[in-house]
Structure formats: C-alpha cells, structure tokens
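Below is one structure, written out as structure tokens; comments come after it.
Numbering of residues begins at 1 and proceeds along the displayed sequence. Since we're looking at a predicted model, the values are computed, not measured.
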Amino acid sequence: MTIADIAPRTALQQRYWDPALTEPAQWNPVLEALHSHRSVRRYLPDPLADETLDVLVSAAQSAATSSNLQAWSVVAVRDPDSKARLAALAGGQAHIVEAPVLLVWLADFARVRQLADDRGAPIEGADYLESSYIGFIDAALAAQNAVTAAESLGLGTVFIGALRNKPEEVAAELGLPPHVFAVFGLVVGHPHPDADAQIKPRLPQAAVLHHEKYDLPAQRDHVDAYEGRIAAFYSAQQLEHSWIERVLDRLASAARLNGRDRLKESLIRLGFPLR
C-alpha cells in the first residue's frame, strides 16, 4: 500500500491531511468550495469574458470595507507584453504570462485625496499607518471574495505577492498615481488539465484556534504533528520538503525577502507617509 492509497479523499480531510475527519452536520456547497481552494499555476490560453470579470469585481465589492471607505482598486492586465514585464518583476513566474488576466489589487488613497482636493477639505488622517492598513486589508478582503467567486465558476487562481519585490517598477508599469500601491497580484484563468493543483494541508486548528487566552507553548506538539502530515502530503507528490525548514529559511534574513525588506521605503516614495 502506498501513501496515495491512504491519502485523504474529501476536501476537509485534505485540508488537514487527516483521513479520519468527517464532514460536520453544518456543511453545504459554499463550505465545500472554501475548503477546496488550491493554487493553480498552469493555465489554458482561453480568454476571460468581460462579463466574468465584471462578476468577479462585483463579488469583490461585496466584501466588508472599513467605514465604507472602499480604499482599494484593481487593475485588470490582459496585454501580453505588460503581463510579461510584470512577470519579470515578480521573479519570472510563467503563469502570469500563461493565464488570460492578471488582477493587480491596490491600496488606493488617490481617489479620496482627489475628493478632498476638489472640496478643499483636510485629509491629514490619510497620512497615518492606520489608514494604510485599511487600504491593504480592504484589498485583501476584496481579492479573497473574487477568488471564491472565480472558483465557484470553475476558474483557477493564484496570488502573486512577488509584485512587492519591485513596487516602484510595478507602479510605473501600471501608471499608478501617487497614493496608490500594488498590494499583490491575482492570476485568474482556466486551469490546464495537467495543472494537478492539490489542496495543501494547513496547520491543525489547535495550533491556530485559542480559547480566551493565547497559548504559545501548547502549539509545539500541534506544529510537530503538522510537520509529519505535510511531509506525507509532499511525499505523495514525490517531493521532499520540511515545512519548518521552509518557514525558517523564508524568514532567515533580509535578503530572503527578495526586495521586500525595503517595503517601508517604497510605500513612502509612492505616497504613503506612514506617520
């Protein structure tokens, strides 16, 4: 018997790589879709219809937004040359070029600053770190809604955080005015039949869910258990990885941030004072 023979089958089992889990009584197609999320990195060249893009954005706009500021925007990039340049800025990720559209999610304070300028109104509060947080959080909430909507339509997605490697160059490529920052990209398209995207196991709930008070020491055993489970997941794909080693390597030095160690400087240059 191989690992593949005893691998978890349902979405919930795969999410925790635990074949003993059963679906709870409260279960429905929305929960099934959420638990089935996976990153897709191979795409067909089929275009994404305008009406599909419209519904993804309307889903995004249905997400929560702090104080209804709606401090985000998104740029849909379909032009092959522009996608190629952005892919190069993001470390040469081929799926950016392969997929029909790259959605670049923006923390956007240019719109509200223009409103203030047009009316001669003060807007000092936009200079503070709290406001920048709002823009980043709102963009993330909106994008996650778009992911869920896309996957409900049979589309694949993958986030592109590496656009933050070179924020000024990305801003120039997209023609961003001051006070707008590219938070991340989102590739959207039709998954290639050979994409073989898998549901990647997450930490056990006991490692992330705390009751009443945060308990750090209790996490050790649960993280160790996860290390074994995700090793089995990788082994089923003929890979050998240690999650703990990958996490520690990713955070070992400023150099491992691939340019994102200067994010504060980039934000300031692009119009986010961060007071």
Side-chain angles (χ1 to χ4, degrees), residues 2-44 46 48-49 51-64 74 93-96 98-103 105 139-161 184-209 222 225-239 241 243 246:
T2 67
I3 288 177
D5 293 326
I6 60 173
R9 303 299 181 190
T10 70
L12 182 63
Q13 291 173 351
Q14 290 178 69
R15 183 54 71 205
Y16 294 105
W17 201 252
D18 184 353
L21 290 176
T22 57
E23 291 179 359
Q26 294 178 310
W27 195 258
N28 57 46
V30 174
L31 291 170
E32 179 73 19
L34 289 170
H35 286 78
S36 299
H37 168 72
R38 65 201 75 193
S39 294
V40 176
R41 292 181 172 86
R42 288 196 66 191
Y43 292 88
L44 297 171
D46 304 9
L48 193 74
E51 54 267 31
T52 302
L53 178 59
D54 290 345
V55 79
L56 298 187
V57 174
S58 65
Q61 289 188 281
S62 299
V74 60
Q93 298 185 50
H95 38 272
I96 295 176
E98 204 174 58
V101 64
L102 171 68
L103 301 178
W105 300 85
L141 293 172
Q144 185 56 47
N145 259 29
V147 166
T148 302
E151 291 177 343
S152 77
L153 298 173
L155 298 169
T157 66
V158 63
F159 280 105
I160 309 293
F184 48 75
L186 179 69
V187 168
V188 182
H190 305 273
H192 193 284
D194 299 330
D196 192 31
Q198 300 293 319
I199 299 174
K200 188 174 290 184
R202 299 295 197 236
L203 285 164
Q205 282 194 18
V208 301
L209 174 60
H222 302 302
Y226 176 69
E227 175 78 349
R229 283 175 174 169
I230 198 165
F233 166 78
Y234 285 132
S235 179
Q237 300 179 72
Q238 288 76 55
L239 298 172
H241 290 312
W243 178 78
R246 287 166 67 92

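- Listed here is the closest heavy atom pair of I199 and F233: O-CE1, 3.4 Å.
- Closest approach of A232 to W17, counting heavy atoms only: CB-NE1, 3.3 Å.
- Under the side chain to side chain donor-acceptor pair (under 3.5 Å) criterion, Q144 pairs with no residue at all, not counting sequence neighbours.
- Interatomic distance, CD1 of I230 versus OG of S235, reported as 12.5 Å (0.5 Å rounding).
- Considering only heavy atoms from C-beta on, F159 stays 4.5 Å or farther from S39 through its side chain.
- For A197, the side chain to side chain contact (heavy atoms under 4.5 Å, CB included) partners two or more places apart in sequence, or in a different chain, are R38, V40.
- Note: L53 CG to L103 CG = 6.0 Å, rounded to the nearest 0.5 Å.
- Rounded to the nearest 0.5 Å, atoms CZ (R246) and NE2 (H241) are 4.5 Å apart.
- Contact detail for A150 and V188: the closest heavy-atom pair is CB-CG1, 4.4 Å.
- Applying the side chain to side chain contact (heavy atoms under 4.5 Å, CB included) test to A142 and every residue at least two apart in sequence or in another chain returns A60, W72, W105.
- Take Q61 and apply the side chain to side chain donor-acceptor pair (under 3.5 Å) test, not counting sequence neighbours, and it matches no residue.
- In this structure, the side chains of I160 and F184 stay at 4.5 Å or more apart for every pair of heavy atoms.
- Here the closest heavy-atom approach between residue L141 and residue A63 is recorded as O-CB, 3.6 Å.
- The distance from atom CZ of R41 to atom CG of D196, rounded to the nearest 0.5 Å, is 12.5 Å.
- The ring-ring contact (aromatic ring centres under 6.0 Å, His included) search around H35 returns W27, not counting sequence neighbours.
- E98 meets the side chain to side chain donor-acceptor pair (under 3.5 Å) test with no other residue; sequence neighbours excluded.
- Taking D46 as the reference, L44, H190 meet the side chain to side chain contact (heavy atoms under 4.5 Å, CB included) condition, with sequence neighbours excluded.
- Screening residues 16-36 for salt bridge (charged side-chain N to carboxylate O under 4.0 Å, His left out) gives D18-R229 as the qualifying pairs, with residues at least two apart or on separate chains.
- We find the NZ-CZ distance between K200 and R15 to be 10.0 Å, quoted to the nearest 0.5 Å.
- Between the CG atom of L21 and the CZ atom of R9 there is a distance of 15.0 Å, given to the nearest 0.5 Å.
- Contact between G189 and P191 at its shortest, heavy atoms only, is O-CD, 3.5 Å.
- For H222, there are no ring-ring contact (aromatic ring centres under 6.0 Å, His included) partners two or more places apart in sequence or in a different chain.
- Every side chain to side chain donor-acceptor pair (under 3.5 Å) that Q205 has, sequence neighbours left out, goes to Y16.
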Run the side-chain contact (heavy atoms from CB on, under 4.5 Å) check on L186 and V74 step by step: do they pass?
-> CA-CA 10 Å; L186 179 69; V74 60; over 6 Å; no

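- Evaluation of the side chain to side chain contact (heavy atoms under 4.5 Å, CB included) rule for V30 yields N28, L34 as partners, not counting sequence neighbours.
- Of all non-hydrogen atoms in E151 and A33, the two that sit nearest each other are OE1-O, 4.3 Å.
- Panel note: side chain S58, backbone V55; a donor-acceptor pair is recorded below 3.5 Å.
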